[in-house]
Each structure stands twice: as structure tokens, then as C-alpha cells.
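Quick note: residue numbers are just sequence positions, from 1.
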Amino acid sequence: FVSDQDPSLVIASLARAVASTTDPAAVYSAVAEAAVTTFGATAARVWIDEPSTGSLVAVGSFGVGPEVEQVLMDAVRLPYGVGLPGRIFASRQPEFISDARSDPRWVNSRYIQALGIQGYAGIPLVVAEQMMGVLSILFDRYRVFTESEETLGGILADYAAITVRVVQLYDERRRADALEAVNLLARSTAHEINSPLTVVFGNLDLAARELGDDARAAVRIARIRDAAERVA
């Protein structure tokens, strides 16, 4: 198979994916689908960098049936430098392997057996020198990659990386907006609660002075004050 896919069509499909949904998982799956369509592959998987854990996380796939997806759940996170995607991420260099069945870098051999994988292409996702993740493209046959296909893979990865970054920025903005809404609600709630509590505390002070040495009243006032302070 020699791909004759027009790169502009690939770019357009990714742009539509971003424009048509706010679900990051759906966009990541669209990136994987674009890879499968472009290269006539068996399946593809998107791995995204998670700096907080020093690992790559599988966030989207295409061409994988439910039964195999269950197998894939055994390896949804790879530390940097572990497995083919992890090593590609660490090296920042793409790899095009004609027959990867016996490659010792596989972490989940059941994955390879379940899909009958031979050919493999792993391409870094990079935006402005920042590593975003790795696009893994899988083939169920021996695969010789031409120079033009490797170039096309680079083009696909470039726009896939931009797509991933757009989704991340949108998600970050959405989380920031949600956090601001929560903060606003908290501030409004605090104001609505503390205003009447000021009246409660003031009247407790007046009641304590008016009741003077009434021990039973003093105990009750103390209990009311404790409860009001917990609310505050």
C-alpha cells in the first residue's frame, strides 16, 4: 500500500474534529482515525504526555474492537522511555518498523498478538519544540515505508500535535472558567451566610449582657455561638 492521501484532506478532517465536538476523547480518536485512513493501517493510538507522572497516557484509538480494547486497558500508561511509544517520546525521533512482532520494546505482547501486528510507525507529536506525545500506527502485515510516506507521516503528526494542543488549551480554559464559577459561587455564598451571622453574633452579645449571671442561659448562648462559628 502506497498512500496517495492528500495531506490537505487529512488537515481538514482534523479541523472538523476540533470544530464539531468539545469532547477531548472524541478528538483524539479522530486523530487516530486520520492516521488509519491515511496509511491504510489496522489501528492507531494516541499517547499524550502527562508531566505530573512522567509518563504517556493512551487517550484515543481507532480500529480496535471492544474485545481488544479490553486487552489494551492493561497498558494505558507508559513511563518515559518504556515501550515503543515511551522510547520514541524520549528520543524525539520517529520510527518506521517493517516487522515489529519480535521487537523487545513492546510492553504488552498480548496487544500485538490480539491485533496480529507486524508493521509499526511511531511519530512524535511536537508543537513549538514541546513534546506533546506520540502517534502509534499499527499494521497487520509486513510494511515497507517509502520516503514519501514517512514525509506524510510527519505532516500528519505536525497537524495532529496542533490539534492536541488546541484541545488541551480549550480544556484548560474550560477548567479555568469552571473554577472561576466555583470561586464566584463560594464568595457569594460566604457573603450571604456571613451577613446574617453578623446579626446573630451581635444579638448573642446583647443577650449575654442582659441575662447577666443566668448560668443556664450562658450555656445556651455558648452553644449557639459555637454553632454559629462552625457555620462561619
Side-chain angles (χ1 to χ4, degrees), residues 1-15 17 27-49 56 58-65 67-69 71-72 74-76 78 80-127 129 131-164:
F1 176 89
V2 178
S3 175
D4 58 358
Q5 179 76 38
D6 184 345
S8 65
L9 297 179
V10 177
I11 296 168
S13 70
L14 296 180
V27 175
Y28 296 141
S29 294
V31 170
E33 181 178 3
V36 169
T37 302
T38 299
F39 288 96
T42 302
R45 205 168 199 201
V46 178
W47 297 84
I48 296 301
D49 180 26
L56 297 178
V59 293
S61 60
F62 184 80
V64 179
E67 67 286 350
V68 177
E69 188 65 37
V71 174
L72 295 182
D74 293 345
V76 296
L78 291 174
Y80 297 157
V82 175
L84 272 169
R87 297 207 180 187
I88 290 169
F89 182 86
S91 71
R92 302 174 68 98
Q93 297 298 317
E95 290 204 32
F96 297 89
I97 306 172
S98 296
D99 190 346
R101 286 176 299 180
S102 59
D103 195 301
R105 293 172 294 178
W106 288 116
V107 170
N108 190 345
S109 58
R110 288 200 299 156
Y111 177 18
I112 304 307
Q113 295 170 3
L115 288 179
I117 296 304
Q118 282 188 270
Y120 174 84
I123 311 172
L125 303 178
V126 185
V127 174
E129 301 301 320
M131 284 289 293
M132 307 298 301
V134 173
L135 175 61
S136 287
I137 310 172
L138 310 161
F139 302 84
D140 62 0
R141 59 193 179 281
Y142 185 88
R143 188 67 158 76
V144 176
F145 296 92
T146 65
E147 184 177 345
S148 63
E149 286 181 320
E150 292 183 8
T151 300
L152 179 59
I155 294 172
L156 171 63
D158 286 343
Y159 283 93
I162 293 171
T163 301
V164 167

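Using modelled atom types, one side-chain atom of Ser98 and one backbone atom of Arg143 make a donor-acceptor pair closer than 3.5 Å.
Within the 4.5 Å cutoff, no side-chain heavy atoms of Ile88 are placed close to those of Trp47. Looking at Met132 and Ile162, their side chains never come closer than 4.5 Å, going by heavy atoms from C-beta outward. In this structure, Val164 and Val59 have side chains that are not in contact, with every pair of non-hydrogen atoms separated by 4.5 Å or more.
Scored by the side chain to side chain donor-acceptor pair (under 3.5 Å) test, Arg105 finds Glu95, Asp103 as partners (sequence neighbours excluded). Residues forming a side chain to side chain donor-acceptor pair (under 3.5 Å) with Asp49 (at least two apart in sequence, or on another chain): Tyr80. Residues passing the side-chain contact (heavy atoms from CB on, under 4.5 Å) test with Glu150, sequence neighbours excluded: Phe96, Phe145. Scored by the salt bridge (charged side-chain N to carboxylate O under 4.0 Å, His left out) test, Asp140 finds no partners at all (sequence neighbours excluded). For Glu147, there are no salt bridge (charged side-chain N to carboxylate O under 4.0 Å, His left out) partners, not counting sequence neighbours. Here Ala157 pairs with Ile123, Leu125 under the side-chain contact (heavy atoms from CB on, under 4.5 Å) rule; sequence neighbours left out.
For Ala32 against Ala44, the heavy-atom pair with the smallest separation is O-CB, 3.4 Å. Residues Ala41 and Leu138 come closest through the heavy atom pair CB-O, 3.3 Å. Across all their heavy atoms, Val134 and Pro85 have their closest contact at CG2-O, 3.5 Å. Taking both residues in full, the closest heavy atoms of Tyr120 and Ala100 are given as CB-CB, 4.0 Å, listed atom of the first, atom of the second, then distance.
In this structure, Met131 CE and Leu56 CG are separated by 7.5 Å, a value rounded to the nearest 0.5 Å. Atom-to-atom distance recorded for Ile48:CD1 and Leu135:CG is 9.5 Å, nearest 0.5 angstrom. Here CZ of Arg141 is found 9.5 Å from CD of Gln118. Values are rounded to the nearest 0.5 Å.
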Starting from the C-alpha separation in whole Å, work towards a yes-or-no answer on side chain to side chain contact (heavy atoms under 4.5 Å, CB included) for Phe39 and Leu156. CA-CA 10 Å; Phe39 288 96; Leu156 171 63; 4.0 Å; yes
Could you go through the side chain to side chain contact (heavy atoms under 4.5 Å, CB included) check for Thr38 and Ile137 one step at a time? CA-CA 10 Å; Thr38 299; Ile137 310 172; over 6 Å; no
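Pairs passing the side-chain hydrogen bond (donor to acceptor under 3.5 Å, both in side chains) check and including a residue from residues 27-36, sequence neighbours excluded, do not occur.
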